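To start, the structure under review is shown below, and the notes come after it.
Small disclaimer: the values here were computed from a predicted structure and weren't measured. For reference, positions follow the sequence shown, starting with 1.
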Amino acid sequence: LTGTREDFDRLLANASPAKSAARFLADSYSGIAIDVAREIAFRATGSVDTAVSAANSELLYAAFSAWFDRVRENLSLAGFKEEEWKNKLL
């Protein structure tokens, strides 16, 4: 869970424009199941089928980042220390 905005933008720029935003997220980040990726895409675009070329990168990153923040918070609340999980999910 250490990816940066620059990493996200680089991956998005190199993704196939026809690929769905959900598939882009699931393929680009370990630990994101397609159902989670579809939820992130829906929150950003209003559809689970939006292509990368049609997605607003600001909104997609905002939804993605909000999801990561919730995961980090939940891991901390569960008692996991950052060094125990940070290199396992990305």
**OP:** To the nearest 0.5 angstrom, please state how far the OG atom of S53 sits from the CG atom of L12.
**Re:** 10.0 Å
**OP:** Please check if the side chain of D69 supplies one atom and the backbone of A66 the other of a donor-acceptor pair under 3.5 Å.
**Re:** no
Original post:
When rounded to the nearest 0.5 angstrom, what is the spacing between OG1 in T50 and CZ in R38?
Top reply: 10.5 Å
Subject >> Non-hydrogen side-chain atoms of L25 and F8 separated by less than 4.5 Å >> reply: yes
Subject >> Least distance between heavy atoms, F24 atom then V52 atom >> reply: CB-CG2, 3.8 Å
**OP:** Work out which heavy atom in W67 is nearest to a heavy atom in G31; give both atom names and the distance.
**Re:** CH2-O, 4.4 Å
Original post:
So which heavy atom on A37 is nearest to which on A26, and how close?
Top reply: CB-N, 3.9 Å
Original post:
What pair of heavy atoms forms the shortest contact from I32 to F64, and how long is it?
Top reply: CD1-CE1, 3.7 Å
Original post:
With side chains defined as the heavy atoms from C-beta onward, is the minimum distance between S28 and R10 less than 4.5 Å?
Top reply: no
**OP:** List the atom of P17, the atom of A51, and the distance in Å for their closest heavy-atom pair.
**Re:** O-CB, 3.5 Å
Original post:
Can you get from V36 to F68 by hopping between Ile, Leu, Val, Met, Phe, Trp and Tyr side chains that sit under 4.5 Å apart?
Top reply: yes
Original post:
Thinking salt bridges, do R43 and E39 make one under a 4.0 Å N-O criterion?
Top reply: yes
Original post:
Rounded to the nearest 0.5 Å, how far apart are OG1 of T45 and CG of L60?
Top reply: 7.5 Å
Original post:
Are Y61 and V71 co-members of a hydrophobic cluster defined by side-chain heavy atoms under 4.5 Å apart?
Top reply: yes
